[in-house]
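Read through the structure below, which is laid out as structure tokens, and then see the notes.
Because the structure is a prediction, the values reported are computed rather than measured.
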Amino acid sequence: MSGQPYDTDFVVIGSGFGGSVSALRLAEKGYRVVVLEQGRHWPPHELPHDNWQWRRWLWRPELGWRGFFALRLLRHVVVLHGNAVGGGSITYANTLLVPPDDVWRHGSWAGLDDWARVMPAHYARASQMLGVTTNRRLAAADERLGTMARLAGVGDAWQPTRVAVFFGDDDDLSGGRDYPDPYFDGEGPPRRSCTGCGGCMVGCREGAKNTLDRNYLHLAQRRGATLHAETEVVRIVPLPHPDGGAAPDGRHGYAVHALEHRDGRRRARVWRTRAVVCAAGSLGTQALLMGARQRGDLPHLSPTLGQHVRTNAESLIGIRWPGCAEDLSRGVAIGSQIQLDAHTTIEATRYPAGSDAMALLSTVMAPGDGRLAWAAALARGLLTAPRATWRLLRPKGWARESMILLCMQTLDGTLTLRWQRPWWAPWRHVLRSHGAPLPHHIPEATAFARAAAAATGGVPMASLPQVLFHIPMTAHCLGGAVMAADATRGVCDAWQRAFGQRNLWLVDGSVIGANLGVNPSLTIAALAERAMAAVPPPSLATWDGVGTPIAAH
């Protein structure tokens, strides 16, 4: 090994909740760490004012749009996700919840550890790092959710969310105050308290949102980690033996090939590294690993790669009150929630005033299910009440007048992704979904929305993909490279080390083994804390052992 030249000890691919945690904890142990992120860095003042600024909000690089919010249309589901330094934390709704203990007893990870005993400490550590606190900016939409919960007979189940937001001192009632670093004894950046503008999901221009570039990534860089933004990893290739022999299992490290995007140009670059942490998000990790297996770069990956993909059993619906006097866009992105039943959580979600672009993905919810019922309801509205129906459908005022209901369940349901050439673009491979159709709506949540709208004078809304194509939308695609007992049931072990490869960790939502029923970001971070805690310091690392370095546990 002494003759093998390395640029770094670890390359971390992605800077979301798995990658950022990994970068800090590895740097703290004394490893040389390089973080590669395909998205750009977004200082608060450069974030878009609203989601009509598509070039700055949406991630569609083929169109020259290099924003931080992406929509991926698959046959079975529409996936919403983020691309930025800080991963999805730049555009997510900053809601960090612990799932019920029952989720650890189901799915591929069941029995791999005493999860209910070991995970609370990792959740607590991640929560402290992310500044998780109870929402203090309750607003009109949250009050309406509380009213709707009481009408549904579950008023006691309403509660403010736990969020990664800085609210300032107790007497800071309106926000907008500047503070020195309140979290890391001066090592972190200065902060400004939350004003409740509702802009979390188009990027917090106040700097109150505890995004990963303000905690884990910030501290990782202070400890020597190097971050390369706008750098797209395209290939992971095992390095050969220093004497020239093949070593496809990665025991001698990897060459990570990337394209740096600068000023409209692309430049190829390669990092030679002892180990890799793949943390590109569920879809990104699956695409990268499937491409590597298809080319023969990583031939020993589990055949289950792409299986057990989950959507967190989600549905995005809502209610609109055209012309309402209250501004429903105020507050934090997800300010409150209810536990509708043992399996179903509903959260009140919003965009800031003027960010009405999501109206293009919403429509009236029909009394029955299916396209014909929707078309009939729409036609009836246009014929009998054209002005009111137009006011409901027009984008203007949508964010001020609407409440998105993010509905999640712990009930299971999976699909499979494969790396294939589509008929419309046979020159390239893409992820394509297969399997039985997923439920395109949650009956309990749909009934809740309809009843609540009728009782409060609103109109229930559904997403266009749900109505037209019978597919759900999810902001939380999970699985595809799940942890399991062996390679016949999953892609990585309980410590998130890839089966069949050495010195390759998978640390993102792809390893999640069951639907969580709550926003998954905190669980991804907590699992990353657990996985990286097991990595020993460099002096004790055995790089050419199976799946090592790994500490005793």
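- For His429, there are no side chain to side chain donor-acceptor pair (under 3.5 Å) partners two or more places apart in sequence or in a different chain.
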Begin from the C-alpha positions of Thr344 and Glu444 and carry the test side-chain hydrogen bond (donor to acceptor under 3.5 Å, both in side chains) through to its verdict. CA-CA 8 Å; Thr344 310; Glu444 299 88 345; 4.7 Å; no
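- By the 6.0 Å contact criterion, CH2 on Trp54 is open, its count of non-hydrogen atoms from other residues, nucleotides or ligands being 12 or less.
- Judged purely by distance below 3.5 Å, without hydrogens or angles, the side chains of Asn210 and Tyr183 pair a donor atom with an acceptor atom.
- Looking at Gln409 and Thr345, their side chains never come closer than 4.5 Å, going by heavy atoms from C-beta outward.
- Looking at Arg191, its side chain does come within 3.5 Å of a backbone N or O of Gly207 through a donor-acceptor pair.
- In summary, of the residues considered (Pro472, Pro437, Ser433), a side-chain contact (heavy atoms from CB on, under 4.5 Å) with Val77 occurs for Pro472 alone.
- The minimum heavy-atom distance linking Ile319 with Gly458 is given by the pair CG2-CA, 4.0 Å.
- Here the straight-line distance linking atom OG1 of Thr416 with atom CZ of Arg432 works out to 14.0 Å at 0.5 Å rounding.
- Counted within 6.0 Å of CH2 on Trp423, heavy atoms from surrounding residues, nucleotides or ligands total 12 or fewer; the atom is thus considered open.
- A distance of 14.5 Å separates NE2 in His441 from CG in Leu316, rounded to the nearest 0.5 Å.
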For Asp170 and Arg136, what are the C-alpha separation, side-chain angles and deciding distance, and is it a side-chain contact (heavy atoms from CB on, under 4.5 Å)? CA-CA 10 Å; Asp170 291 341; Arg136 284 170 40 190; 4.1 Å; yes
Set out, in order, the CA-CA distance, both residues' side-chain angles and the distance that settles side-chain contact (heavy atoms from CB on, under 4.5 Å) for His308 and Leu478, then state yes or no. CA-CA 8 Å; His308 313 298; Leu478 306 172; over 6 Å; no
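- Residues Leu212 and Ser20 come closest through the heavy atom pair CB-OG, 3.7 Å.
- A donor-acceptor pair is defined here as one N or O able to donate and one able to accept, closer than 3.5 Å; such a pair exists between the side chain of Lys209 and the backbone of Ser89.
- Without hydrogens or angle criteria, Asn519 side chain to Ser521 main chain gives no donor-acceptor distance under 3.5 Å.
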Is there a side-chain hydrogen bond (donor to acceptor under 3.5 Å, both in side chains) between Ser193 and Asp172? Walk through the geometry before answering. CA-CA 8 Å; Ser193 56; Asp172 189 350; 2.6 Å; yes
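- Between Ile346 atom CD1 and Cys407 atom SG the span is 4.5 Å, to the nearest 0.5 Å.
- Figure legend: cation-pi geometry between Arg400 and Trp321 absent, as NZ or CZ is not positioned both under 6.0 Å from the six-membered ring centre and within 45° of its axis.
- With rounding to the nearest 0.5 angstrom, the CZ atom of Phe448 is 5.0 Å from the CE atom of Met148.
- A side-chain donor-acceptor contact under 3.5 Å links Trp109 to the backbone of Val103.
- When all heavy atoms are compared, the tightest approach of Gly176 to Thr195 is N-CG2, 3.5 Å.
- Between Phe17 and Tyr92, a ring centre-to-centre spacing shorter than 6.0 Å is recorded.
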side-chain contact (heavy atoms from CB on, under 4.5 Å), that's the test. Do Phe68 and Leu58 meet it? Break it down for me. CA-CA 6 Å; Phe68 49 83; Leu58 291 176; over 6 Å; no
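- Under the 3.5 Å distance criterion, with hydrogens and angles disregarded, a donor-acceptor pair is assigned to the side chains of Trp374 and Thr363.
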Before you tell me yes or no, could you show the steps for Arg144 and Thr456 under side-chain hydrogen bond (donor to acceptor under 3.5 Å, both in side chains), namely the whole-Å CA-CA distance, both residues' side-chain angles and the distance that decides it to 0.1 Å? CA-CA 9 Å; Arg144 290 202 178 200; Thr456 59; 5.5 Å; no
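- Listed here is the closest heavy atom pair of Leu96 and Ala164: CD1-CB, 3.5 Å.
- Side chain of Ser329 to main chain of Ala399: no donor-acceptor pair is present (N/O by atom type, distance under 3.5 Å, no hydrogens or angles).
- Ring geometry for Trp104 against Trp115 counts as parallel: the plane angle stays under 30°, on a 0 to 90° scale with 60° as the upper cut.
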Working note: Thr134 + Thr161, criterion side-chain contact (heavy atoms from CB on, under 4.5 Å); need CA distance, chi angles, decisive distance, verdict. CA-CA 6 Å; Thr134 300; Thr161 45; over 6 Å; no
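- Within a 6.0 Å sphere centred on CG of Asp156, heavy atoms belonging to other residues, nucleotides or ligands number 12 at most.
- Heavy-atom contacts from other residues, nucleotides or ligands closer than 6.0 Å to CZ of Phe469 number 12 or fewer.
- Cation-pi geometry between Arg40 and Trp42 is satisfied (NZ or CZ under 6.0 Å from the ring centre, within 45° of the ring normal).
- Relative ring orientation between His470 and His440 is described as parallel, the plane-to-plane angle staying below 30° on a 0-90° scale split at 30° and 60°.
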Apply the test side-chain hydrogen bond (donor to acceptor under 3.5 Å, both in side chains) to residues Thr147 and Glu143: give CA-CA distance (whole Å), side-chain angles for both, the deciding distance (0.1 Å), then the verdict. CA-CA 6 Å; Thr147 298; Glu143 294 171 2; over 6 Å; no
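- Under the salt bridge (charged side-chain N to carboxylate O under 4.0 Å, His left out) criterion, the residue pairs touching residues 343-366 are Asp142-Arg350, with sequence neighbours excluded.
- Taking the side chain as every heavy atom from C-beta outward, Leu417 and Met290 approach each other to under 4.5 Å.
- Remark: side-chain polar atoms of Thr285 are paired, donor with acceptor, to backbone N or O of Ala280 under 3.5 angstrom.
- Under a cut-off of 6.0 angstrom, the local environment of CG in Leu63 is crowded, with over 12 non-hydrogen atoms contributed by other residues, nucleotides or ligands.
- Glu314 places a side-chain N or O within 3.5 Å of a backbone atom of Ala475 that can act as its donor or acceptor partner.
- A salt bridge is absent between Arg330 and Asp327; no separation between the charged side-chain nitrogens and carboxylate oxygens falls under 4.0 Å.
- The minimum heavy-atom distance linking Ser362 with Met461 is given by the pair OG-SD, 4.2 Å.
- Applying the side chain to side chain donor-acceptor pair (under 3.5 Å) test between Asn83 and each of Glu37, Gln38, Arg66 identifies Gln38 as the sole match.
- Contact detail for Asn51 and Trp57: the closest heavy-atom pair is O-CE3, 3.2 Å.
- Although no hydrogens or angles enter the test, the distance criterion places no donor-acceptor pair under 3.5 Å between the side chain of Thr304 and the main chain of Gln307.
- The backbone N or O of Ala462 sits nowhere less than 3.5 Å from a side-chain atom of Gln466 that would complete a donor-acceptor pair.
- When each of His76, Gln420, Arg75 is tested with His434 by the rule side chain to side chain donor-acceptor pair (under 3.5 Å), just one qualifies, namely Gln420.
- Ring-centre distance between Trp59 and Phe69: not below the 6.0 Å cut-off.
- Under the 3.5 Å distance criterion, the side-chain polar atoms of Asn515 are matched with a main-chain donor or acceptor of Asn312.
- Under a 4.0 Å N-O distance rule, the pair Arg205/Glu46 does not qualify as a salt bridge.
- Leu438 has its side chain within reach of Leu415: a pair of non-hydrogen atoms, C-beta onward, lies under 4.5 Å apart.
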Residues 119-127 side chain polar contacts: donor-acceptor under 3.5 Å, at least two apart:
from, atom 1, to, atom 2, distance (Å)
Tyr123, OH, Thr523, OG1, 2.7
Ser127, OG, Tyr123, O, 2.8

